[in-house]
Amino acid sequence: MKNERITERAMDLDRDERAAYQVSGTDEDVSTRVIRAVEEIVGDDESNRTWLYDSVDPDALDAIFDDKHDGTPRTDGKVVFTAQRCEIVVHGDGSLVIYAPEDHDPEDDSGTTRDSPDGPQNESGGSPNRSDGS
């Protein structure tokens, strides 16, 4: 279901003061999962709906991780790139790890970053994505 969270905090994978998130599910294309996961972590940028194209060709990314010509799944290799200030690691088996921007606050998984002047905020200063009223 599209409204379900697909990212899970993976503290054991944190590095360089960046929070790591594992991305669940394999029912969608790799590019779709990357878009959904990054937007969960940093927030949805309504003004730039094609941000992934600034970093990588989504069709090429999907093709790299499609099954081999003989129908067997790929299991080796990885692709690493940066988008929306996140480092994205796509492994050959389709697993994804996303490292949030350095200013991301993993305690606040509402899609905003610490001291972000342009992060989405509501009147009380909280993220509009939060369901706890802040």
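Side-chain atoms are counted along with the backbone in the values below, which use heavy atoms only and exclude waters and symmetry mates. Everything numeric here is computed off the predicted structure, so don't read it as measured data.
- Contact check for V38 versus I98: side-chain heavy atoms found under the 4.5 Å cut-off.
- A search for salt bridge (Lys or Arg N to Asp or Glu O under 4.0 Å) contacts involving D59 returns nothing, not counting sequence neighbours.
- Other residues, nucleotides and ligands contribute more than 12 heavy atoms inside 6.0 Å of the CG atom of D54.
- Judged by distance alone, the side chain of T7 and the main-chain N or O of Y21 form no donor-acceptor pair under 3.5 Å.
- Of the possible donor and acceptor atoms, none in the side chain of E102 sits under 3.5 Å from a partner among the backbone N and O of R18.
- Clustering ILVMFWY residues whenever any of their side-chain heavy atoms sit less than 4.5 angstrom apart, transitively, puts V79 in the very cluster that holds I88.
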- S31 and D62: side chain to side chain donor-acceptor pair (under 3.5 Å), yes or no, with the steps? CA-CA 6 Å; S31 61; D62 292 337; 2.9 Å; yes
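- Here the two rings, on Y99 and H104, have centers that are 6.0 Å apart or farther.
- Looking at every heavy atom in both residues, C86 comes nearest to A100 through SG-CA, 4.2 Å.
- Hydrophobic clustering, defined by side-chain heavy atoms of Ile, Leu, Val, Met, Phe, Trp and Tyr closer than 4.5 Å, leaves Y53 isolated from every other such residue.
- Checking side-chain atoms of D70 against main-chain N and O of T72 turns up a donor-acceptor pair under 3.5 Å.
- Taking E87 as the reference, R15 meet the side-chain hydrogen bond (donor to acceptor under 3.5 Å, both in side chains) condition, with sequence neighbours excluded.
- In terms of hydrophobic clustering, with Ile, Leu, Val, Met, Phe, Trp and Tyr side chains grouped at heavy-atom distances under 4.5 Å, L13 and I41 are assigned to different clusters.
- When side chains are defined from C-beta on, R9 counts as touching P106, because their heavy atoms get closer than 4.5 Å.
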- Task: For side chain to side chain contact (heavy atoms under 4.5 Å, CB included), just list the numbers for T50 and N48, CA-CA rounded to whole Å, side-chain angles, deciding distance to a tenth of an Å, and then say yes or no.
- Result: CA-CA 6 Å; T50 60; N48 183 8; 3.5 Å; yes
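- Remark: R74 is not positioned above the aromatic ring of F65, lacking an NZ or CZ atom under 6.0 angstrom from the ring centre and at most 45 degrees off the axis.
- Pairing each heavy atom of V89 with each of K78, the nearest pair is CG1-CD, 4.1 Å.
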